[in-house]
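Shown next, in structure tokens, is the structure this report addresses.
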Amino acid sequence: MEIYYVTPETGIRIKYKGVIDLDRLYHSLKDWMEEQGYGKEATLEKKYAERIKPDGKQLEITWETEKKFSDYFTYKLRVDFLILGMNDVEVAEGGFKKKLQKMRLLEIKITAYISYSSGKWESLGPFSKIYFNLISRQRLKQHYQDFYDKVYAFQEEIKKFLGLRI
């Protein structure tokens with residue numbers, strides 16, 4: 001199996017400091033992942049750690065998912081959330097009080113890659129290399145561009161939600 005990164009190997013990071021509706025962000029991102037076919041909400045979360053610190057809560061959340069396209073290509077996506085110094089605050093909005101979260105740091109790291117495995121084709125020896133060079137390489141380029149577009153659209157959604165410059 002070979003891996004072709006769509007993001008840098010270290011991932012792309014979005015950092016934010018301020019007040020947001022974390023529950024709404026969390027669920028809107030999960031909905032986006034589900035709508036794009038990258039797994040169900042129930043199986044998405046691989047890690048959830050919450051610690052109480054003197055300056056507020058610290059959260060570490062990891063989502064991992066994959067989308068298989070064929071015996072050859074699988075899109076793999078990992079999203080890591082790190083939240084430091086989170087405290088609940090009440091904000092008046094439209095005459096109503098709303099509970100939001102103020103945080104010292106919200107960092108979202110997105111790592112995406114395509115795994116390519118010729119699997120059963122490897123048993124054909126030199127024919128697998130011919131197949132890869134003539135057909136699969138072009139398909140890999142198409143899959144790479146498609147996944148690249150989706151991953152960076154996901155990043156734009158996050159930035160838009162946080163009110164960051166796109």
Side-chain angles (χ1 to χ4, degrees), residues 1-91 93 98-119 140 142-166:
M1 176 173 57
E2 295 185 45
I3 293 175
Y4 299 92
Y5 278 91
V6 173
T7 62
E9 286 186 46
T10 56
I12 52 176
R13 297 174 193 270
I14 302 162
K15 292 183 179 185
Y16 178 80
K17 176 184 178 180
V19 178
I20 63 165
D21 186 341
L22 184 61
D23 190 52
R24 203 173 107 222
L25 171 66
Y26 192 78
H27 288 290
S28 69
L29 297 182
K30 274 190 171 183
D31 289 345
W32 186 94
M33 300 274 277
E34 197 168 313
E35 287 170 8
Q36 298 298 318
Y38 294 103
K40 301 287 181 199
E41 182 176 347
T43 60
L44 196 59
E45 197 168 272
K46 302 301 180 199
K47 176 184 176 185
Y48 182 92
E50 182 176 319
R51 294 175 191 85
I52 305 298
K53 301 281 185 169
D55 68 338
K57 289 182 186 177
Q58 175 181 324
L59 297 174
E60 293 177 40
I61 304 165
T62 299
W63 296 346
E64 290 179 353
T65 186
E66 64 180 42
K67 186 175 184 179
K68 190 171 179 120
F69 275 89
S70 67
D71 289 340
Y72 293 98
F73 302 107
T74 304
Y75 294 3
K76 301 216 177 198
L77 184 60
R78 177 182 170 127
V79 182
D80 293 291
F81 297 85
L82 174 64
I83 300 168
L84 302 175
M86 183 179 83
N87 293 292
D88 290 335
V89 294
E90 280 193 4
V91 175
E93 190 177 280
K98 190 174 188 178
K99 189 164 90 171
L100 301 176
Q101 290 70 41
K102 180 179 181 180
M103 51 202 70
R104 183 169 41 91
L105 173 69
L106 164 64
E107 180 181 277
I108 301 172
K109 182 175 86 168
I110 304 166
T111 309
Y113 63 90
I114 298 171
S115 67
Y116 167 81
S117 174
S118 56
L140 177 60
Q142 292 167 348
H143 281 288
Y144 179 92
Q145 188 61 52
D146 179 53
F147 196 30
Y148 179 93
D149 292 344
K150 284 187 172 55
V151 167
Y152 283 90
F154 182 58
Q155 178 194 30
E156 302 272 323
E157 285 294 314
I158 297 168
K159 286 181 169 183
K160 192 183 320 177
F161 185 95
L162 295 173
L164 300 174
R165 292 173 52 192
I166 297 177

Value rounded to 0.5 Å, distance of [atom1] in [X] from [atom2] in [Y]:
X: Ile108; Y: Ile110; atom1: CD1; atom2: CD1; answer: 7.0 Å
X: Ile14; Y: Leu106; atom1: CD1; atom2: CG; answer: 8.5 Å
X: Ile83; Y: Leu22; atom1: CD1; atom2: CG; answer: 4.5 Å
X: Lys46; Y: Ile61; atom1: NZ; atom2: CD1; answer: 14.5 Å
X: Trp63; Y: Phe81; atom1: CH2; atom2: CZ; answer: 3.5 Å
X: Thr62; Y: Arg78; atom1: OG1; atom2: CZ; answer: 4.5 Å

Heavy-atom pair of closest approach, residues Thr111 and Pro8: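 Heavy-atom minimum between the residues: CG2-O, 4.5 Å.
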Should [X] and [Y] count as side-chain neighbours, where that means a heavy-atom distance under 4.5 Å?
X: Ile114; Y: Tyr144; result: yes
X: Lys150; Y: Leu77; result: no
X: Tyr113; Y: Thr7; result: no
X: Glu34; Y: Leu44; result: no
X: Gln101; Y: Val19; result: no
X: Glu157; Y: Lys160; result: yes

Would one find more than 12 heavy atoms of other residues, nucleotides or ligands at under 6.0 Å from atom [atom1] of [X]?
X: Lys57; atom1: NZ; value: no
X: Tyr5; atom1: OH; value: yes
X: Lys102; atom1: NZ; value: no

Salt-bridge test for Lys76 and Glu64: reply yes if a basic N is under 4.0 Å from a carboxylate O, no otherwise.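 Looking at Lys76 and Glu64, the cut-off is not met.
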Strictly below 4.0 Å, N to O, side chains only: are Glu156 and Lys159 in salt-bridge contact?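 Looking at Lys159 together with Glu156, the answer is no, because their closest N to O distance does not fall below 4.0 Å.
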Take Phe154 and Val79 through the side chain to side chain contact (heavy atoms under 4.5 Å, CB included) test and state the conclusion after the steps. CA-CA 11 Å; Phe154 182 58; Val79 182; 3.8 Å; yes
Listed once per pair and sorted, the side chain to side chain donor-acceptor pair (under 3.5 Å) pairs that draw on residues 8-20, sequence neighbours left out: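 For residues 8-20, and leaving out neighbouring residues, the side chain to side chain donor-acceptor pair (under 3.5 Å) pairs sorted by first residue read Arg13-Glu107.
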Parallel under 30°, tilted from 30 to 60°, perpendicular over 60°: which one fits the rings of Phe147 and Tyr75?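 The arrangement is parallel - the two ring planes meet at less than 30°.
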Would you call the rings of Tyr152 and Tyr148 parallel, tilted or perpendicular, where under 30° means parallel and over 60° means perpendicular?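 If you compare the ring of Tyr152 with that of Tyr148, the planes turn out tilted.
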Would Asp31 and His27 count as having a side-chain donor-acceptor pair, cut-off 3.5 Å?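 Side chains of Asp31 and His27: no pair found under 3.5 Å.
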Would you say Asp146 and Gln142 are linked by a side-chain donor-acceptor pair, where the criterion is simply a distance under 3.5 Å?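 No - no donor-acceptor pair under 3.5 Å links their side chains.
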Is a side-chain N or O of Asn87 found less than 3.5 angstrom from the main chain of Asp55, in a donor-acceptor match?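 Answer holds: yes.
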Judged by atom type as modelled, is there a donor-acceptor pair below 3.5 Å linking the side chain of Lys53 to the main-chain atoms of Leu84?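 Between the backbone of Leu84 and the side chain of Lys53 there is no qualifying donor-acceptor contact (under 3.5 Å).
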Centroid separation under 6.0 Å, is that true for the rings of Phe73 and Tyr116?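 For Tyr116 and Phe73, the ring centres are under 6.0 Å apart.
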